[in-house]
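Bear in mind that the values here come from a model prediction, so they are computed numbers and not experimental data. Keep in mind that the numbers below use all heavy atoms, side chains included, and drop hydrogens, waters and symmetry copies. Convention: sequence-line order gives letters A, B, ...; per-chain numbering from 1.
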Protein chains: 2
Amino acid sequence: MSAQRADARRNYERILAVAMEEVAAHGADASLEQIARTAGVGSATVRRHFPGRRALLEAVFRERIATLCARAGELAEVADARAALLEWLGAFTAYAASARGMAAALAQEGLLDPEDGGDNACSAQLIQACGPLLRRAQRAGAVAPGVAVSDLLTLITGIALATERHPDAAAEAERLLGLVVAGVSPSVVTARG
Amino acid sequence: MSAQRADARRNYERILAVAMEEVAAHGADASLEQIARTAGVGSATVRRHFPGRRALLEAVFRERIATLCARAGELAEVADARAALLEWLGAFTAYAASARGMAAALAQEGLLDPEDGGDNACSAQLIQACGPLLRRAQRAGAVAPGVAVSDLLTLITGIALATERHPDAAAEAERLLGLVVAGVSPSVVTARG
DNA sequence: GTAATATATGGAGGGCCCCGCCACTTATGC
DNA sequence: GCATAAGTGGCGGGGCCCTCCATATATTAC
């Protein structure tokens, strides 16, 4: 028999659809009970399909993240390594800043320690997607060797978190990304002895 | 008569002391009821002295922020404008990354819009303290003119938020600050057309 | 010292949320 | 159709935040 019953699958889809709207409206700490109510199911059913808020958030953002990873694949073909990386970082920033709750979800994940091993997590996919772009840019001399993928993702996640309340969050986030790329005060190479 | 009764003042102090420990232990979303319980007062008393979690967090971090602002005053005397700014940014980063909840409190405040007018807020004090350092560095040509004080504070707040779960949060945050100061890829001045 | 008064307090109650349990329903394979 | 296992949802427990109000207490005036 199929691994999952048909009605269960239907409920899963419905809950996920409602969750997307609810998270978009109320951020990462949307009420699970409210989601259950709107979806017309019991709260236990939500918990069954998504054990814990993290699982739900992961599912909510999975598609968007997949799109982002695909974009990274395309950009690997672009000639200018630096431009490709910056383009992707910009796209990621735009997503993270506009999709409410995504940054929070990423921050609470194991985004920070890249060798976590949990390769099914969203952050792991992002790391895997961004890695080649970064390494190529580093080989081209556009980025210092000491910079890790997780550094970039952490910075952007932080920007998204800190600008979440801004009226025009996406624009502000992209502006700050530009600042980070260019450097606040890059004049001296070895900053702070 | 005095503006406040003596026992009220005592309770205020006690609640604040407990709140400091509790916030240090559980971050910005520590339980207000737990604080009340530990302090041996009713939860209503906590709410009376600190209407809303924000007010409590502000009080918790007030001293630390004052110290930070004082440090900015000292650094205004340092000859090297760039070094002075970077030193202060480093100090702020260390504080924000080590004091659990502080970054969250700042992010939820009106940190992002500098012309809010609420000059009693913590973020306003920080902006006022950092402003002279930044302007001096900009006059010295060490920082681009378009950079605002709130940009720097927002970036650092974001770094602190994104590194909160890191095993060695303070070190990681300072490392990322270094990256932001130096720039991820500063080679071309006008990033992304 | 005592009475009068404004001030401060904390416990009860309501609302919301997360979580786990268990009897009931329902799709599925024979 | 029927047996069965998968799926469901309501219920109760625990916690938190918030408000209200009767009570207790520091303070002031006499």
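If you take CZ of B:R10 and P of D:dT27, they are 8 Å apart, rounded to a whole angstrom. Nucleotide C:dG10 holds its P atom 15 Å from the CD1 atom of B:I35, rounded to whole Å. Atom CG of B:L32 is separated from atom P of D:dC17 by 4 Å (rounded to the nearest Å). Between B:D29 atom CG and C:dC17 atom P the separation is 17 Å, expressed in whole Å. Rounded to an integer number of Å, the gap from CZ of A:R14 to P of D:dG7 is 16 Å. Counting to the nearest Å, the C1' atom of D:dC16 and the CD atom of B:E22 are 14 Å from each other. When the C1' atom of C:dA8 is taken as reference, atom CD of B:Q4 falls 10 Å away, rounded to whole Å. Put simply, CD on B:E33 is 17 Å from P on C:dC16, counting in whole angstrom units.
Using a 4.0 Å heavy-atom criterion, one finds that B:R37 contacts the sugar-phosphate atoms exclusively. Nucleic acid contact class of B:R53 (heavy atoms, under 4.0 Å, all strands): sugar-phosphate only. Across all strands, B:R9 comes closer than 4.0 Å to no nucleic acid atom at all (heavy-atom distances).
With DNA chain D read from its 5' end, the first of the two nearest nucleotides for A:H49 and A:S43 is the one closest to A:H49.
Nearest to the side chain of B:D7, among C:dC18, C:dA27, C:dA8, sits C:dA8. Looking at the side chain of A:R5, the nearest of the listed nucleotides C:dT28, D:dC17, D:dT8 is C:dT28. For A:A44, counting side-chain heavy atoms from C-beta on, the closest listed nucleotide (C:dC21, C:dA8, C:dC18) is C:dC21.
One finds no salt bridge joining B:R10 and B:E13 here, because no Lys/Arg side-chain nitrogen approaches an Asp/Glu carboxylate oxygen to under 4.0 Å. By the 4.0 Å N-to-carboxylate-O rule, B:D29 lies too far from B:R53 to be salt-bridged with it.
No donor-acceptor contact under 3.5 Å links the side chain of B:R47 to the base of D:dT19.
Remark: aromatic rings of A:F61 and A:Y95 are distant, center separation not under 6.0 Å.
Considering only side-chain N and O atoms, B:S31 lies under 4.0 angstrom from the phosphate OP1 or OP2 of D:dC17. Taking 4.0 angstrom as the limit, B:N11 places none of its side-chain polar atoms (N or O) nearer than this to OP1 or OP2 of C:dA8.
Screening A:L89, A:L126, A:L161 for a side-chain contact (heavy atoms from CB on, under 4.5 Å) with A:I156, the sole residue that qualifies is A:L89.
Heavy atoms of other residues, nucleotides or ligands lying less than 6.0 angstrom from CD of B:E74 number more than 12.
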